[in-house]
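So the structure is just underneath, and the comments pick up after that.
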Amino acid sequence: MPRWLPRAIVLALALIAVFQLGSWAFHQLTGLLINILIAFFLALAVEPAVSWMAARGVRRGFGTFLVFVGVLVVGAGFVTLLGSMLAEQIIKIVEDFPQYLDSVINWINTHFHTELRRVDIQENLLRSDWLRNYVQNSATGVLDVSAQVLGGLFRLLTVALFSFYFAADGPRLRRAICSVLPPARQTEVLRAWEIAVNKTGGYLYSRGLMALVSGLAHYVLLEFLDVPYAPVLAVWVGLVSQFIPTIGTYLAGALPMLIAFTVAPWYAVWVLVFVVVYQQFENYVLQPKLTARTVDIHPAVAFGSVVAGTALLGAVGALIAIPAVATLQAFLGAYVKRYDVTDDPRVLGHRGSGGTSAFGRRVRGLWAQRRPEGDGAERAAGVGTARAGTAGAGTAGAGTAGAAGPGDGGTAGAP
């Protein structure tokens, strides 16, 4: 056995063990890494406000604290107002539910000639196994919901702490990263950081504009239908639909439909139709234009980045995909060499009509040769050209003979 073989086997086993350990640690820390990534982009979002206050003499830590407190107060106030409104409407729905049920039963009896009664329906529901099983499953699922809520609160606290440290200690963090890099790399890292701040701010600006437009549009509809709490519902639709990816649209539209149902059942249908139509307008008209202007990426790239981010990281990936791709595109744009584009009509999508390329002429010539029956005029022209060529050849031969005659004669007459 060679001496190097045991060492090679031990080295291979050690590398496999290290790889397995690293893979296990990565999978265990995936949630923490995602939280850190979210916190980093949140820190980039509040960086302009913190830097503005720091430039005016406010300490970065205190300025970051003020920004976070302001966001927390606004969010808590909105949630409190929305919760009280929702509680009132749920109580109203429960109180008016017998009337809604009677109207539905009367409509069914009128159109389908049945004899349903509300008392019979209530007794059948109370005696049904479905309701009993549903109550049991709901009771056992309370613990699962509570655990999910506590886990969400812990995750939110983790993201808030990391984002606070990233924003408050931004200069120290940049200094620590640049201290292990050569000067040229330091410049690139700082430029990438600045681009990331600008692109993240532009993305939030575009989402804010779309939230404003969405809120105004839904406010007009809710006021037209005389739905109560129209301003609060409009703000809810605007914020939730824009800043909660994937399911935000459904959450945003469900609450106005519920409140509209308390006014009139058909109003909920009108709200649903409007939400679906407006969502198509936003996805295909409004969002691509605003994203292209504020984040400066192509609408197709923005859509593809959202799809890719959702496939990789779920809702988090959909939220941070556009600013991440915009940052990468702007950073790499400085290293891509570009050339002046030729003044060719085909660049603009126009096909030239005045001239034909050499390749096109060659193809047309081969096609004309392969045709079994050509045009009469073309064949006549071809015969005439051949005859002219033959005559020209004869003339050239005569000229040669004439030129040779004197030469021969001179040669013959020479002594």
Side-chain angles (χ1 to χ4, degrees), residues 1-47 144 147-197 199-200 203 244-247 301 304-336:
M1 177 184 296
R3 294 181 178 179
W4 56 268
L5 185 58
R7 296 181 179 179
I9 294 175
V10 172
L11 180 60
L13 293 177
L15 291 177
I16 293 174
V18 170
F19 176 77
Q20 293 293 335
L21 181 61
S23 177
W24 173 81
F26 178 79
H27 286 293
Q28 294 296 323
L29 298 176
T30 300
L32 178 61
L33 295 176
I34 293 176
N35 292 338
I36 292 175
L37 184 62
I38 298 174
F40 177 71
F41 275 94
L42 288 178
L44 293 179
V46 301
E47 177 71 21
D144 296 336
Q148 292 180 358
V149 170
L150 292 177
L153 291 176
F154 178 76
R155 185 176 182 180
L156 181 62
L157 180 61
T158 303
V159 171
L161 288 176
F162 273 108
S163 59
F164 178 84
Y165 289 135
F166 285 155
D169 292 338
R172 186 182 304 174
L173 179 61
R174 288 189 288 268
R175 189 178 298 108
I177 295 176
C178 292
S179 63
V180 297
L181 298 173
R185 298 297 180 184
Q186 294 179 15
T187 304
E188 294 178 359
V189 169
L190 294 176
R191 189 171 67 86
W193 197 295
E194 183 180 1
I195 291 173
V197 171
K199 294 302 179 180
T200 305
Y203 173 71
I244 297 181
T246 308
I247 62 172
V301 177
S305 62
V306 171
V307 173
T310 304
L312 292 175
L313 298 176
V316 176
L319 185 63
I320 66 177
I322 293 180
V325 171
T327 301
L328 182 62
Q329 175 181 327
F331 180 72
L332 295 180
Y335 299 97
V336 178

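This structure is a prediction, so every number in the text was calculated from the model and none was measured.
One N or O on the side chain of T200 and one on the backbone of A196 form a donor-acceptor pair closer than 3.5 Å.
When all heavy atoms of A321 and S305 are compared, the pair lying nearest together is CB-O, 3.1 Å.
Looking at I36 and F166, their side chains come closer than 4.5 Å, going by heavy atoms from C-beta outward. L37 places none of its side-chain heavy atoms less than 4.5 Å from the side chain of L33.
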Show every donor-acceptor pair shorter than 3.5 Å between a side-chain atom in residues 150-164 and any protein atom, with sequence neighbours excluded, or say none if there are none.
from : atom 1 : to   : atom 2 : distance (Å)
R155 : NE     : N35  : OD1    : 2.8
T158 : OG1    : F154 : O      : 2.9
S163 : OG     : V159 : O      : 2.9
S163 : OG     : A160 : O      : 2.9

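Rounding to the nearest 0.5 Å gives a distance of 10.0 Å between CD1 of I16 and CG of L11. The CG atom of L312 sits 10.0 Å away from atom CD1 of I34, with the distance rounded to the nearest 0.5 Å. Distance check: T187 OG1 to L181 CG gives 10.0 Å after rounding to the nearest 0.5 Å. Between the CD atom in E194 and the CZ atom in R174 there is a gap of 9.5 Å [rounded to 0.5 Å].
In this structure, R172 places its CZ atom where only 12 or fewer heavy-atom neighbours from other residues, nucleotides or ligands lie under 6.0 Å away.
Pairs passing the ring-ring contact (aromatic ring centres under 6.0 Å, His included) check and including a residue from residues 25-47, sequence neighbours excluded, read F40-W193.
With sequence neighbours excluded, the residues forming a salt bridge (charged side-chain N to carboxylate O under 4.0 Å, His left out) with R185 are E188, listed by chain and number.
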